[in-house]
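What you see is a predicted model; the values in this text were computed from it and never measured. Side-chain atoms are counted along with the backbone in the values below, which use heavy atoms only and exclude waters and symmetry mates. Lettering follows sequence order; numbering is per chain, from 1.
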Amino acid sequence: MKSFEFFAAKDSNHAVTLLAQHAANAKVKIIAGGTDLLADLKFAAHGPDVVVDISRADDLKNITMTEQGLNIGALVTHTQIMRSPLICQLFPALVDAAHTIGAVQTRNLGTLGGNLVTAVPSMDSGPTLMALEAIVTIAGNGGRRQVPLSEFFVGPRKTILKPDELLTEIIIPKQNVGKPTHFLKFGLRKGQALALVNVAASFWVDWEKNAFLAPRIALGAVAPKVIRAPQAEAYLEGRTITPEAMAEAGRVAVGDAKPISDFRASAEYRRHLVAVLTKRALEGAWALAQTRRLEGSNGKRNA
Amino acid sequence: MANVTLKVNGETRSASVPPETTLLRLLRDQFNLTGAKLGCDVGDCGACTVIVDGQPVNSCLMLVGQVEGREVLTIEGLATADHLHALQKLFEHFGSLQCGFCGPGVILSAKALLDENPDPSTQEIRDALGGNLCRCTGYTKMIEAIKGAACILRGEEVPAVKSA
């Protein structure tokens, strides 16, 4: 690895101060879990001049319910997500997504914020959060701003973060807390594999009409960034929930995807996976909605 | 240079190294603890696995500045000169390793699992070893050894094993 200066931030404000000090006249990288950054830097021809370590910023490690919704600190690790009683209860899809990332060692180090900031199109945290219309908070020298996650990603490994900015939290907005959601990933192995395609589906149920309400579908690894599937969502909105409708939504979602062929899979195979996984993700969310209704919990809006 | 002080296998150790040094390099090159292996160096193979503050991690993916003040357990800290850990005993008993390069990492992953889950299922053991690549054994005898060690650590007898 190329040599760099190292600064440890005590908390997020300190990190922002350090970034403001150094980002103007040096190439700065933030390290959190390090699972992507260090793997990259070991092969990089040009490394950063300065590395700011935020792994001790305890104010970014909380999972809390706030006025705005479910608030997940950017430094929450994938292991923490898997063990959070709040997330297990409200969003098993986030737990499933976290479980498919890397392996135990990398899940202990890797963070939710890091997974998003790296902005690899096949990231496993992206689809569920996109389907749940998550919002991210960005801290910079001028204060904090919030943007929808869908606007956070620019392209492969590119986000809207400026060099002196820090992702601090991910918020699932209140109106989507408890929304039945299901995540599926197809990789070539169960562990340590990138997704060929990953999909999250989320919807409320209009139980009187037995119909889809506010359906949201998000697809990973089939475009330069994690995307929503607007045509499939429009197809489902207000439609009666049937196995046929879910299968058709899968076929429609193929039209929303723009996959490429690479050494892991052909574009044609990825399109096939989009149809199958979208259908199955919808089935999974439907099963969860029904279970929650039986249990009398929040499987529907305005319960 | 970065000055780092941390606890390794219960002992306080310090070093002055360039800040781009990884925990793995620190352990191997400064402290002569070569149990953790340098395999892929990017977090895929798990040969460098050590336990930091109770959690198994890839030591190749942590910078020294990130382990300042933390507690690290390496394979060298698991046994004393005359007393092997139950996992080590059973790995030996079952012949769970062949070339052995992955061994320290596998055993530490297994230890972290058993610390949290004293009676893991086969699937739970497989999941815990998902980040430890072994190209010799096929994992079967490791899983038998981990189940056996779990019995010992629970104070039960190790059941007779068919294949042994």
How about B/K7: does its NZ atom have over 12 heavy atoms from other parts shown lying under 6.0 Å from it? no
With a 4.5 angstrom heavy-atom cut-off, could you sort out which part of B/P18 is near chain A: side chain, backbone, both or neither? neither
I need the minimum non-hydrogen distance between B/G43 and A/T106, along with the two atoms involved. O-CG2, 4.0 Å
Based on non-hydrogen pairs under 4.5 Å, which of B/L133, B/D41, B/N132, B/V64 is most in contact with chain A? B/D41
Taking C-beta and beyond as the side chain, do B/Q55 and A/T77 meet within less than 4.5 Å on heavy atoms? no
So if I take each residue of residues 3-11 of chain A and look for any heavy atom under 4.5 Å from a heavy atom in chain B, which residues do I end up with? A/S3, A/F4, A/F6
Kindly check if the number of other-residue, nucleotide or ligand heavy atoms within 6.0 Å of CD (B/E124) is above 12? yes
Of the backbone (N, CA, C, O) and the side chain (C-beta and beyond), which part of A/R107 lies under 4.5 Å from a heavy atom of chain B, both, or neither? side chain
Measure distances from B/L113 to the heavy atoms of chain A and classify the residue's part below 4.5 Å as side chain, backbone, both or neither. neither
Under 4.5 Å heavy-atom distance to chain B, tell me which part of A/K2 shows up: side chain, backbone, both or neither. backbone
What is the minimum heavy-atom distance between B/Q66 and A/R56, and which atoms define it? O-NH2, 3.1 Å
Would you find more than 12 non-hydrogen atoms of other residues, nucleotides or ligands less than 6.0 Å from B/R13 atom CZ? yes
Of the listed residues (B/D44, B/V42, B/L129, B/L61), which shares the most heavy-atom pairs with chain A below a 4.5 Å separation? B/L61
Using non-hydrogen atoms and a 4.5 Å limit, figure out which bit of B/C60 sits close to chain A: side chain, backbone, both or neither. both
Using non-hydrogen atoms only, which part of B/T21 is less than 4.5 Å away from chain A: side chain, backbone, both, or neither? neither
If I measure from the heavy atoms of chain B, does A/N108 come under 4.5 Å with its side chain, its backbone, both, or neither? both
For A/A103 versus B/G130, what's the shortest heavy-atom pair and its separation? CB-C, 3.8 Å
Taking the side chain as C-beta and beyond, is there a heavy-atom pair between A/H99 and B/D127 under 4.5 Å? yes
Can you check whether B/N58's main-chain N or O pairs, donor with acceptor, with A/Q105's side chain at less than 3.5 Å? no
Considering heavy atoms only, which positions within residues 24-40 of chain A lie below 4.5 Å of chain B? A/I31, A/A32, A/G33, A/G34, A/T35, A/L38, A/A39
Is it the side chain or the backbone of B/R25 that comes within 4.5 Å of chain A heavy atoms, both, or neither? neither
Quick one: which of B/G105, B/G46, B/P19, B/A128 has the most heavy-atom pairs under 4.5 Å with chain A, could you say? B/P19
